[in-house]
Amino acid sequence: MRLIILCLSLLLVLIQYPLWLGKGGWLKVWELDRQAQQARKKNEELRQRNAKLASEVDDLKQSRGAVEERARFELGMIKQNEVFVQVLDGASGKPMASPNPNPYMPGSGQPNSVSVPATAPEAAKPAP
């Protein structure tokens, strides 16, 4: 009787092996499911990044103001006939920083600077 129970127990273990540890076993399925979830999460992050970049590209294609804004704040460019004025902190002699951290908006943590037309207003010009 013991021999039959031992043989049946051994057969039960041998049958369970492919179910848990085999090529298509539960452990492998759980691992593949975890990898698929990670891939879905990464794909969603990349989709959001791509949507943001596509929106930025559309804005640059459609609006001349966006290109001008980038040229001013990222490249430090100014228009023709403008004078660049930069306000320095009196104590340190360094450009004063604004509290707004947005790099694409005026007063955004970039040094306080402004571009003004180089021509003087009519009232300030001396008479000939």
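No donor-acceptor pair under 3.5 Å is formed between the side chain of S55 and the backbone N or O of A51. Judged purely by atom type and a 3.5 angstrom limit, Q62 has no side-chain atom pairing as donor or acceptor with the backbone of D59.
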Given E74 and E69, is the side-chain contact (heavy atoms from CB on, under 4.5 Å) satisfied, shown in steps?
CA-CA 8 Å; E74 289 182 6; E69 187 177 303; over 6 Å; no
side-chain contact (heavy atoms from CB on, under 4.5 Å) between R34 and Q38, worked out:
CA-CA 6 Å; R34 187 185 63 80; Q38 287 177 344; 2.9 Å; yes
Using the salt bridge (Lys or Arg N to Asp or Glu O under 4.0 Å) rule, take E31 and K28 through it: C-alpha gap first, then chi angles, then the decisive distance, then the call.
CA-CA 5 Å; E31 177 63 24; K28 185 72 170 180; over 6 Å; no
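Across all their heavy atoms, L60 and V67 have their closest contact at O-CG2, 3.6 Å.
Of the inter-residue distances, the one linking L11 atom CG with L6 atom CG reads 10.0 Å to the nearest 0.5 angstrom. Rounding to the nearest 0.5 Å places CG of L53 at 10.5 Å from CG of L46. To the nearest 0.5 Å, atoms CG (L27) and CG (L32) are separated by 11.0 Å. From L12, atom CG reaches atom SG of C7 across 12.5 Å, with rounding to the nearest 0.5 Å.
Proximity of R49 to E45: side-chain heavy atoms (C-beta onward) are nowhere separated by under 4.5 Å.
By the side-chain hydrogen bond (donor to acceptor under 3.5 Å, both in side chains) test, E44 pairs with R47, sequence neighbours left out.
No salt bridge links E68 with R64; every basic N to acidic carboxylate O contact stays at or beyond 4.0 Å.
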